[in-house]
Amino acid sequence: MVLPAAAVAVPNLLSQPDTCKSGYVWREATGPGDHVCVTPGVRAQAQDDNAHAADRRVSLSDPTCLSGYVWREATADDLVCVTPGTRAQAKDDNAHAASRVQGS
């Protein structure tokens, strides 16, 4: 049986408290719960940094970053090693997070 379109439940994404404004996407730097809204380029950078995380540490058992890298700190427990510029971007994105969601 096919339901009429009106009977199909569709989530109202515009009513979600963390739906990004047009032009922004969830960062997801530390996983699917990271709902800070950023540009698609910043999200891609976070994914790339995550993919190279092991290469930027002293060792797999030591979270210390190699020279030239610092912890991203997108969230309190984010210990992915990135360039200082990327950490500054994460801090800026966090500071502007409230203004990048629908209804703000």
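Quick note: residue numbers are just sequence positions, from 1. Quick note: numbers below take in every heavy atom, side chains included, and nothing from hydrogens, waters or symmetry partners.
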By side chain to side chain donor-acceptor pair (under 3.5 Å) - contacts of [X] (at least two apart):
X: D78; answer: R72
X: S67; answer: none
X: D62; answer: T64
X: T39; answer: none

On a heavy-atom basis, the closest approach of N50 and A29 is ND2-O, 2.8 Å

In terms of heavy-atom contacts, P84 and V70 come closest through CA-CG2, 3.8 Å

Distance col, row T30:OG1 vs E73:CD, nearest 0.5 angstrom, shows 12.5 Å

The complete set of salt bridge (Lys or Arg N to Asp or Glu O under 4.0 Å) pairs with one or both residues in residues 50-61, sequence neighbours excluded, reads D49-R56

Residues 92-104 vs salt bridge (Lys or Arg N to Asp or Glu O under 4.0 Å), sequence neighbours excluded, gives D93-R100

State yes or no: do V82 and V42 share one hydrophobic cluster built from I, L, V, M, F, W and Y residues joined by side-chain heavy-atom distances below 4.5 Å, directly or via other members? no

Taking atom CG as the centre, does L66 end up with more than 12 heavy-atom neighbours from other residues, nucleotides or ligands that are less than 6.0 angstrom away? yes

Hits for salt bridge (charged side-chain N to carboxylate O under 4.0 Å, His left out) against R43, two or more places apart or cross-chain, chain-then-number order -> E28

For L79, the other hydrophobic cluster members (4.5 Å side-chain criterion, sorted by chain and number) are W71

Taken in chain and number order and not counting sequence neighbours, the residues that satisfy side-chain contact (heavy atoms from CB on, under 4.5 Å) with K91 are none

The complete set of disulfide (SG to SG under 2.5 Å) pairs with one or both residues in residues 61-104, sequence neighbours excluded, reads C65-C81

Residues 26-61 vs disulfide (SG to SG under 2.5 Å), sequence neighbours excluded, gives C20-C37

